[in-house]
Amino acid sequence: MKNPEFTFAELYRLLLNLIRNGVVIEVDSENWLCRVQTGELQTTWLNWLTMRAGRSKTWWRPSVGEQVVLLSIGGDLTTAFVLPAIYSKDNPPPSMSEDAQVTSFPDGGWIEYEPESGRYLVKAGANIVFEAPESIQLKTSEFVVDADRTRINSEVVINGDVTQSGGSMSSNGVVVHTHKHSGVERGSSNSGGPV
């Protein structure tokens, strides 16, 4: 018969291990595993929890130094799952807004929706690419582009007035507002089209 004190101590240890917090110390992206320091213990390689892992999938690996929660089946840490994440002094929240949803990235990338202002802000470290095989629709009262250069590599159809100012508009090498026709005398007749 087992010593009752040992049985109680073992049961107590298992209860303590059901839910623990810790810090990620290693990540194996290829095998979707990480190791966690929790108190004096370092876990074996464990799976981390994700939002979806079926027909629809999400991927967001935990970072080394990220504070997490360990959920252990039966209190056995070898069966634990890693639940990201808990803010810490080393990794504080990116916002103090009461209602905003904010995601910050290590390269300065930022995704934020702030209900108070109704603004959706997306910042990229380098590029943003949208791919849609059929169409992209933008519905807004005003569409403003502040860029050093805008390039459109496609047929363009514009339904509505076009106003151009502050620079030259060139059509097949002909600058429209400075183009002159030769062989035309002044008078009331109309000239031909651009040449």
Side-chain angles (χ1 to χ4, degrees), residues 14-38 41-147 150-157:
L14 293 173
L15 284 171
L16 289 178
N17 285 343
L18 282 173
I19 302 174
R20 294 183 67 129
N21 69 325
V23 175
V24 175
I25 54 173
E26 281 186 86
V27 181
D28 179 353
S29 298
E30 193 173 318
N31 294 299
W32 347 300
L33 300 170
C34 66
R35 295 181 63 228
V36 175
Q37 178 84 39
T38 174
L41 302 172
Q42 291 185 355
T43 68
T44 185
W45 291 101
L46 301 172
N47 290 107
W48 66 81
L49 298 179
T50 187
M51 290 176 65
R52 295 294 301 276
R55 290 179 60 197
S56 298
K57 301 170 179 65
T58 56
W59 168 261
W60 205 343
R61 57 161 267 176
S63 306
V64 170
E66 185 170 358
Q67 192 169 213
V68 295
V69 175
L70 293 170
L71 305 175
S72 305
I73 299 170
D76 181 357
L77 285 176
T78 63
T79 68
F81 294 96
V82 178
L83 176 63
I86 304 169
Y87 296 123
S88 65
K89 250 188 225 182
D90 293 334
N91 294 292
S95 172
M96 295 296 163
S97 170
E98 291 184 10
D99 296 309
Q101 183 180 36
V102 180
T103 304
S104 67
F105 298 91
D107 68 343
W110 189 274
I111 301 172
E112 172 186 327
Y113 182 70
E114 175 55 78
E116 187 176 328
S117 63
R119 183 180 77 155
Y120 207 116
L121 174 64
V122 178
K123 293 183 195 175
N127 302 299
I128 295 177
V129 177
F130 293 102
E131 289 189 21
E134 292 188 12
S135 68
I136 294 175
Q137 292 185 6
L138 299 174
K139 294 184 178 181
T140 184
S141 60
E142 185 177 19
F143 183 64
V144 178
V145 177
D146 289 323
T150 301
R151 179 179 301 175
I152 300 171
N153 298 318
S154 69
E155 180 181 324
V156 177
V157 176

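Scope of the values below: all heavy atoms of this structure, side chains included, with no hydrogens, waters or symmetry mates.
Remark: Ser117 engages no residue in a side-chain hydrogen bond (donor to acceptor under 3.5 Å, both in side chains) (not counting sequence neighbours). Contacts of Glu114 classified as salt bridge (Lys or Arg N to Asp or Glu O under 4.0 Å), with partners at least two apart in sequence or in another chain: none. Checked against side-chain hydrogen bond (donor to acceptor under 3.5 Å, both in side chains), Asp90 has no partners two or more places apart in sequence or in another chain. Partners of Ala132 under the side chain to side chain contact (heavy atoms under 4.5 Å, CB included) rule, at least two apart in sequence or in another chain, are Ile136. Among residues two or more places apart in sequence or in another chain, the salt bridge (Lys or Arg N to Asp or Glu O under 4.0 Å) test is passed with Arg20 by none. Qualifying side chain to side chain contact (heavy atoms under 4.5 Å, CB included) partners for Asn31, counting only residues two or more places apart in sequence or in other chains: Asp28, Leu33. Judged as a side-chain hydrogen bond (donor to acceptor under 3.5 Å, both in side chains), and not counting sequence neighbours, Asn47 has no contacts.
Pairs engaging residues 119-133 under the side-chain hydrogen bond (donor to acceptor under 3.5 Å, both in side chains) rule: none recorded [sequence neighbours left out]. Pairs passing the side-chain hydrogen bond (donor to acceptor under 3.5 Å, both in side chains) check and including a residue from residues 49-58, sequence neighbours excluded, read Thr50-Thr58.
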Which side-chain N or O atoms in residues 99-111 pair as donor and acceptor under 3.5 Å with protein atoms at least two apart or in another chain?
unit_1, atom_1, unit_2, atom_2, d
Asp107, OD1, Gly109, N, 2.9
Trp110, NE1, Glu112, OE1, 2.7

Let me have the donor-acceptor pairs involving side chains of residues 59-85, under 3.5 Å, with sequence neighbours excluded, atom names and distances please.
unit_1, atom_1, unit_2, atom_2, d
Arg61, NH1, Ser29, OG, 2.8
Glu66, OE1, Ser63, N, 2.8
Gln67, OE1, Asn21, ND2, 3.4
Gln67, NE2, Tyr87, O, 3.1
Ser72, OG, Asn17, O, 3.0
Asp76, OD1, Thr78, N, 3.1
Asp76, OD1, Thr78, OG1, 2.8
Asp76, OD2, Thr78, OG1, 3.0
Thr79, OG1, Ile73, N, 3.1
Thr79, OG1, Ile73, O, 3.1
Thr79, OG1, Asp76, O, 2.7

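Taking CZ from Arg35 and OG1 from Thr44, the interatomic distance works out to 7.0 Å, rounded to the nearest 0.5 Å. Atom CD of residue Glu26 and atom CD of residue Gln42 lie 8.0 Å apart, to the nearest 0.5 angstrom.
Other residues, nucleotides and ligands place more than 12 heavy atoms under 6.0 Å from the CH2 atom of Trp45. Atom CD1 of Ile19 has 12 or fewer neighbouring heavy atoms from other residues, nucleotides or ligands inside a 6.0 Å radius.
What you find for Val24 and Cys34 is that their closest heavy atoms are CG1-CB, 4.3 Å.
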